[in-house]
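Down below is the structure, laid out as structure tokens.
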Amino acid sequence: MENNVRAILDGLNEEQSKAVQCVEGPVLIVAGAGSGKTRVLTSRVAYLLAGGVDPSRVLALTFTKKAAGEMKERIGLMVGAYKARKLVMGTFHSVFIRFLRDYSESLGYPREFTIYDQSDSVSAVKAVVKELNLDDSVYKPRDVLSRISNAKNNLITVSAYKADRNAIIADTHSRRPRLVDVYERYQQRLKQSGVMDFDDILVNMNILLRDNPQALRDISSRFSYIMVDEYQDTNVAQYIIIKKLSSGHHNICVVGDDSQSIYAFRGAQIQNILNFRKDYPECKLFRLERNYRSTPTIVEAANSVIEHNAGRIPKKCFADGDPGEKLHLIQAYTEQDEAVEIVSSIQKRMRTDGAAYQDFAILYRTNAQSRALEEQLRRRNIPYIIYSGNSFFERAEVKDMMAYFKLVVNPLDDESFKRVVNKPARAIGDTSVKALEQAARELGTTLFRAAFADGLEGYGLRTAAVQKIRTFCAMIDSLNQLVKTMGAFDLARQIADRSGLYELYKSDTSIEGMTRFANVEELVNSVAAFEEERRDEAEGAEDLFTLDDFLENVSLLSNVDITDDEDTNNKVALMTVHSAKGLEFPYVFVTGMEENLFPSQSMLLSQRDIEEERRLFYVAITRAGKAVTLSYAGTRMRNGRHESNSPSRFLREIDSRYLERPIEEENEGFGGSRDALNGFPLRSNPSHRERWTPPVHAATGGHAHQGVPAPSAAAAHAPAAVDPNFVPLPMTEFRTGQRIEHNRFGFGEILEITGKVPELKARVRFDDLGEKLLLLKYAKMRLAK
DNA sequence: AAAGCGGTACTTTTT
DNA sequence: GTACCGCTTT
């Protein structure tokens, strides 16, 4: 035992070690970026267990599955997988769902309630807005949902909302006085469908703990120690749950960094961490200030930025060793130039430092900024991966299959019902669905139930249509009978088969169709993988892992969870700063350092918002281990317009001692003689210039050379002569057998050229996408080098 | 039911 | 610039 403990504490610094051993009473661990937070958390759990605590009495809450999984694994290595598995460790949502299932009936939900994801919720709001005859250009479903979500995060139920004068006044001011009605009806519909949205999980958990004293006792008495990761990102609903669950013993340990609170727009309350000491005056505070990730220069630069924020928990992060490189700065004319310079910088770094692709991350404030970067990375054949919203689970075909899964598990789910009732085509058209919806509304029930009501003809449904709908429902119902008796994978296959979806996608032999089919297959295979994984965990216990388990698991996954190691292997990572939180890379580029972009335009309004943007910038810088490069462009295309913005105020907030060179103070917008400013010429990449210089024969005619932007800033504004009959020269240069590179489709080989100028077409076999017929007039492609 | 249009809107998004 | 939605067209 003594040995165990020594092994656990071995290698921890003094503060870490103290935090690990302080297990009784409230504890606040303020963990700076790269300070070994995960190590402390895992060691602390291991320490608890080494002290004889039953692992099932430890509750540890995180925000992502990935974080929970990593911690569990590391604890497993320390104390053995058997013990680690008994820990109640997971995301807020996944842990609370399990509690809610046990008490679902007392809350008015079926035990098999399912979860609506964001897009389900938006569709449901959209349906309600329509139902209430409101204008969806005023009651924009996304905005309305975000208001509802905001209310829920603050535990404002429909009745509380109605009583909330401020909320009602705010809605009236934004000319949406009936927002509360949408909220009410939306809530009714979800409940009727046996569905919770993400926020409901937290709201209902609160309702349960408030209204059901037995549940409160049962649940809170199961745990003696509670730990919460990323505490700065908790919202009001989470805060109260945590408080209630720990009220019996006060063994509550929260870990976080107020400087990294960046989710206020989703209801996160930085006050939660700032006020922890007021909530628990007897609390012990530990500051993890030693940074093991970054160079002293990076740490100091980050400090100098965050010091501009008021209202922080005092702490002074530091790092030892070689100070390291100063922060680099790229000043570019346009976002294309910015991208070019970043890419060359990556290539240079790979040569000089022997770095690999996966050592680099390119961060930006908004997803739209990835485009120019992608183009340059492709052009130079640099492998990259974008962490973004368009994930596997957002593809239409995957959503279709998922909707079938959801509907089979919960036939009352109206959104899933509508999505798949006529997919594949069953001659149940819009008119029939509309009529069924009308019937359901008047009967106060769901589509599935309404389908079996008498007198549907009265709603304008023909007997034949009713028949078809019922046949569909009967199929869903018979599959539903299998949910509890059949393994997830077998049932998934049956659903794919009997729904006709498999056949639908299989029969499409176009390139896109084949991709879609592959995605559907992949989803079904992932059910198999899930079952296997669960079986491994159960270590031979003959449990049945069913489709509802799978759904619950998958509906609570995030992008980061989905991206697997193979995808990230040896690739440059592109992502928003938000997505980068919690990650680290040796070399980090923070792009688009311009006013109105970073900080974002809409965040310039209030002090509170600007501080959140500053924390975001802090997060960006502190991702880096060895070097940070900041970049901005004098002009960039935004929303179809060229925009010029001055360099970000955040650049000036960095203590100049840590900057490679000063920031240009002035900016007259694009077009001025920038080179003369402060004597700091804009860097321009020579190879880039060369590349873009138009060939002489094209330039002499006074014609624009297709696809070739003018070489310099001055020329970029010179209007090009427009001749509708002019055929750009490069087009005619293509020959059969040539290797080409297309902007969107990547590399390929020309198999055949057909048609006459200017309607020349090329049949191209792309390496990744197979054959496509391209009209040369429009195709953005060039010869591959 | 797909394709073709015109109008619109466009921060971030751990669950 | 473009992606997406909803409407009209074939």
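We name chains A, B, ... by the order of the sequence lines, and we start the count at 1 in each one. The analysis underlying the following values was restricted to heavy atoms, covering all of them including side chains, and did not include hydrogens, waters or symmetry mates.
When distances are taken from the side chain of A:T576 to each of B:dT14, C:dG6, B:dT12, the shortest belongs to B:dT12. Relative to the side chain of A:K126, the nucleotides B:dT14, B:dT13, C:dG6 differ in distance, and C:dG6 lies closest. Residue A:A425 places its side chain closer to B:dA1 than to any other of B:dT13, B:dA1, B:dT11.
Rounded to whole Å, the distance from OH on A:Y387 to C1' on B:dT12 is 18 Å. Rounded to a whole Å, the OH atom of A:Y263 is 17 Å from the P atom of B:dT11. In this structure, CE of A:M637 is placed 14 Å from C1' of B:dC10, rounded to the nearest angstrom. Between the P atom of B:dA2 and the NZ atom of A:K423 lies a distance of 8 Å, rounded to the nearest Å. Atom C1' of nucleotide C:dG1 and atom CD of A:Q336 are separated by 11 Å, given to the nearest angstrom. Regarding A:R516, its CZ atom lies at a distance of 10 Å from the P atom of B:dA2, rounded to whole Å. Atom CG in A:D430 sits about 14 Å away from atom C1' in C:dT8, given to the nearest Å. Rounded to whole angstrom, the span from the CZ atom of A:F598 across to the P atom of B:dT12 amounts to 13 Å.
Every pair passing salt bridge (Lys or Arg N to Asp or Glu O under 4.0 Å) that includes a residue from residues 637-646 of chain A is listed here, sequence neighbours excluded: A:R638-A:E643.
Shown here, B:dT12 is classed anti by the O4'-C1'-N9-C4 or O4'-C1'-N1-C2 angle, which is more than 90° from 0.
Contact annotation: A:S579 reaches the phosphate of B:dT13 (side-chain N/O to OP1 or OP2, under 4.0 Å). Listed pair A:N639 / C:dT2 fails the phosphate criterion, with no side-chain N or O lying under 4.0 Å from OP1 or OP2. Look at A:S600 and you won't find any side-chain N or O under 4.0 angstrom from OP1 or OP2 of B:dT12.
Mapping A:K581 and A:S137 onto DNA chain B via the closest heavy atom, the residue that lands nearer the 5' end is A:S137. With DNA chain B read from its 5' end, the first of the two nearest nucleotides for A:L616 and A:G429 is the one closest to A:G429.
No engagement by A:D117 is indicated, since no non-hydrogen atom pair under 4.0 Å with the nucleic acid exists. Here A:E230 lies out of heavy-atom contact (under 4.0 Å) with every strand. At a threshold of 4.0 angstrom between heavy atoms, the contacts of A:R641 with the nucleic acid are absent.
Remark: the A:R365 side chain and the B:dT11 base include no donor-acceptor N/O pair separated by less than 3.5 Å.
B:dA1 and C:dT10 make up a base pair, with Watson-Crick or G-U wobble contacts both under 3.5 Å. In this structure, C:dC4 and B:dG7 make a Watson-Crick or G-U wobble pair, each of the two defining distances being under 3.5 angstrom.
In this pair, A:F650 and A:F598 present their aromatic rings perpendicular. The plane angle is above 60°, beyond the 30 to 60° band.
Aromatic ring centroids of A:Y263 and A:F63 lie 6.0 Å or more apart. Aromatic ring centres of A:F265 and A:H578 lie closer together than 6.0 Å.
Across B:dT12 and C:dC5, the matching C1' atoms stand 23 Å from one another, rounded to whole Å. Here, C:dG6 and B:dT11 have their C1' atoms 25 Å apart, quoted to the whole Å. When the C1' atom is compared between C:dA3 and B:dT14, the two are found 26 Å apart, to the nearest whole Å.
Looking only at side-chain heavy atoms (C-beta outward), A:M637 and A:H642 come within less than 4.5 Å of each other.
Ion pairing between A:K37 and A:D257 fails under the 4.0 Å rule for side-chain N and carboxylate O.
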